[in-house]
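Since the structure is predicted, the reported quantities are computational estimates derived from the model, not experimental observations. Lettering of chains follows the sequences in order, A, B, ..., and the numbering in each one begins at 1.
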Number of protein chains: 2
Amino acid sequence: MPRKRNAHRNADTPTLADVARLAGVSDITASRVVRNKGPIADATRAKVLAAIAELGYIPNRAAGSLASSGSTLMSVLLPSLSNIVFPDVLRGIHTALTETAFQPVIGVTDYDPVIEERILLSFLAWQPAAVILAGLHHTATARRHLEHGRFRVAELMDIDGDPVDIAVGMSHWQAGYDTGKHLVQRGYRRFGYAGHTIASDDRARARYDGLRAALKEAGLLLIAEERVQGGSSTLAGRHLLEAILRKAPGLDVVVFPNDDMAMGGIFHCMHAGITPKEQLGIFGFNGLDIGQALPLPLSTILSKRFLIGKTAAEKLLESRERPAEKTIINTGYDIIEGATA
Amino acid sequence: MPRKRNAHRNADTPTLADVARLAGVSDITASRVVRNKGPIADATRAKVLAAIAELGYIPNRAAGSLASSGSTLMSVLLPSLSNIVFPDVLRGIHTALTETAFQPVIGVTDYDPVIEERILLSFLAWQPAAVILAGLHHTATARRHLEHGRFRVAELMDIDGDPVDIAVGMSHWQAGYDTGKHLVQRGYRRFGYAGHTIASDDRARARYDGLRAALKEAGLLLIAEERVQGGSSTLAGRHLLEAILRKAPGLDVVVFPNDDMAMGGIFHCMHAGITPKEQLGIFGFNGLDIGQALPLPLSTILSKRFLIGKTAAEKLLESRERPAEKTIINTGYDIIEGATA
DNA sequence: CAGAATAATGATAGCGCTACCATAAATCAC
DNA sequence: GTGATTTATGGTAGCGCTATCATTATTCTG
């Protein structure tokens, strides 16, 4: 004996069939109204919309997704949320997705490609319309899935490499190089670097490499270098500057991998009575608002996080199919001269 | 004539049936292995896992979700991502969800209950296991859906009110009140307030009300009050302190709705040669790391954002069913005495 | 050692939606 | 005015999975 129909269904939740019945149309017509797809007579649309409102119908996206083998989810994999940079990117993505049917699903990788792979695979189970991740380095498995999947892919932040589909960002190596050239031109000669040890922060490393290349070109070297274990923070930057100056008192400029740490440097200067720029140049990266609100605005490079996120999401929405040609969008950066270097 | 079976399926993607066939078991047995549910002989499990690995099988969550009318998604609705507070909360949520099958889907409401409602409804289409939102005020429609839905609900940040299911946070009114008492006790008498105009930032308003209540109790008043249009920022805080001091030069303490703005106040003091604490008390809210890295650490209240997010998500995971009794978890706050008030 | 519980597996029928094809009516081209 | 297109609608068969019920082999209870 067949089990009673609808045995395990959600009795109180109206379905599209309920809407269709109430509106006096077929299921598929109701579906067309909901999805705003295909030709529908105005009168029919009105009837269906009224039925939807009356029943308080909420479409079941799982069913829709299954039937159409595609979803309105966009997977977003970010290295971190502690660093305001990535919330800024996410804000850009979210801005582009507002008013569309797409929703971001987010995962945090802790800068670890293995975690990135694990989260990616679990996200693919939802058949996302697109995947957004940071950087161009992924595990081999991740890369394989990204290449063969039926979804768009955007790799953010960095453009120094070969993207799967779309890359949106800037050249971090170039930014580091320009930092070096800029500071040399300003007359600084005795360089220090106060960084962190996040091995997978490829961007910070690329900037570091660029900086060294510029120094080499000018016949200079990094005289001193200190790194904190693990994540960067303002407090770490403050302690680090103190430490590096103790070891190498003759420095005339210290470069930090980001504004958070650089601001810690500024705070150390304030505390120790060092005049930034004149006695010691301080240079950051990111161009955070807060650094520009300081009594002496921080000298730094403005990365365009929000724009990167927004541009990427907009670009992904242009077509569901992956185009034959890869796209690389350089959002560039601005050197903020500031008052500290 | 019936259409060919599998006409619109994804030819290259292996399904559970493929796994089952390769492993020589039935579909449902393979499903049990994937979900780790029900009794399975070790040998059978091994066969199925081998088949999964060989095929590179990725489960289709849409199908699973549809069949079981429930998903592993957790909807997270945050007012903003610009304010580091909410990324911190999100980080806590994410930490609790790591190692579980749950994934956060995030939406940003811009502090607008109408946008919150819209996003909530679109999220419910995924039959989430739980919904996390900020605050206890929602539109009537949103509240109705939250109350009648088959999912857990956590309302974060605030506990002054009646939650749908779980509330995790602190009393912002009390925090404001304690701020007032603390500052009065420290000898401050001539109070100013430098805030913003986000009407729906209920928490900031509750703190403001608590502050005024404490002042009233001490026979005092807010002598001056300034607000910036729209969102808060460090730069806004800096300009605002300048403005308020111009209008009311006699103030001996200014309270800010958050650390971002309070730091702007500190920066104005530095610029204008005002000694914080002695000449002018500055008090914030949130207890951001950066405020504590300042040469003079900011006096403020430490809200426990990460803990709030983490606790809420953990609590939600305890049971899929909504318990009969509502839960209110007070994560409390700490007054950081700092050096600026 | 019979009867009862437990462990391990499978057959079947949907979950709620949309792709695909088909049909009928209205509009168009020339 | 006749064939060709366009507009509007519907019937049907899945999408890939899991809830339910059924079955058989195994272990337990007293």
From [options], pick the nucleotide closest to the side chain of [X]?
X	options	answer
A/R35	D/dT18, D/dC15, C/dT18	C/dT18
B/K37	D/dC17, D/dA19, C/dT9	D/dA19
B/A67	C/dC15, C/dG16, D/dA8	C/dC15
A/I40	D/dT9, C/dT18, D/dT18	D/dT9

Across the strands shown, which category fits A/S65 at heavy-atom distances under 4.0 angstrom: base, sugar-phosphate, nothing?
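Result for A/S65 = nothing.
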Can a donor-acceptor pair be found between the side chains of A/S31 and A/R35 at a distance below 3.5 Å?
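Looking only at side-chain atoms, A/R35 and A/S31 do form a donor-acceptor pair, the distance falling under 3.5 Å.
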Show your working on side chain to side chain donor-acceptor pair (under 3.5 Å) between B/T139 and B/E116 and close with a plain yes or no.
CA-CA 8 Å; B/T139 67; B/E116 184 184 73; over 6 Å; no
Just to confirm, is there a sub-4.0 Å distance from OP1 or OP2 of D/dA8 to any side-chain nitrogen or oxygen of A/T44?
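Answer no for this pair, as no side-chain N or O of A/T44 is under 4.0 Å from OP1 or OP2.
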When the distance from CH2 of B/W126 to C1' of C/dC17 is rounded to whole Å, what number comes out?
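Rounded to the whole Å, the gap is 12 Å.
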Keeping to residues at least two apart or across chains, list the salt bridge (Lys or Arg N to Asp or Glu O under 4.0 Å) pairs with something in residues 62-81 of chain B.
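Matches after skipping sequence neighbours: none remain.
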Looking at B/S65 and A/A62, would you say the former's side chain and the latter's main chain have a donor-acceptor pair under 3.5 Å?
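Side chain of B/S65 to backbone of A/A62: no pair is present.
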Lys/Arg-Asp/Glu bridge criterion (N-O < 4.0 Å) met for B/R152, B/D165
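B/D165 and B/R152: salt-bridged.
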One thing to verify: whether A/E318 and A/K315 come together as a salt bridge, which I'm taking to mean a side-chain N less than 4.0 angstrom from a carboxylate O.
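A/E318 and A/K315: salt-bridged.
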Residue-level proximity of residues 21-33 of chain A to DNA chain D when a heavy atom falls under 4.0 Å
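Contacting residues: A/V25, A/S26, A/I28, A/T29, A/R32.
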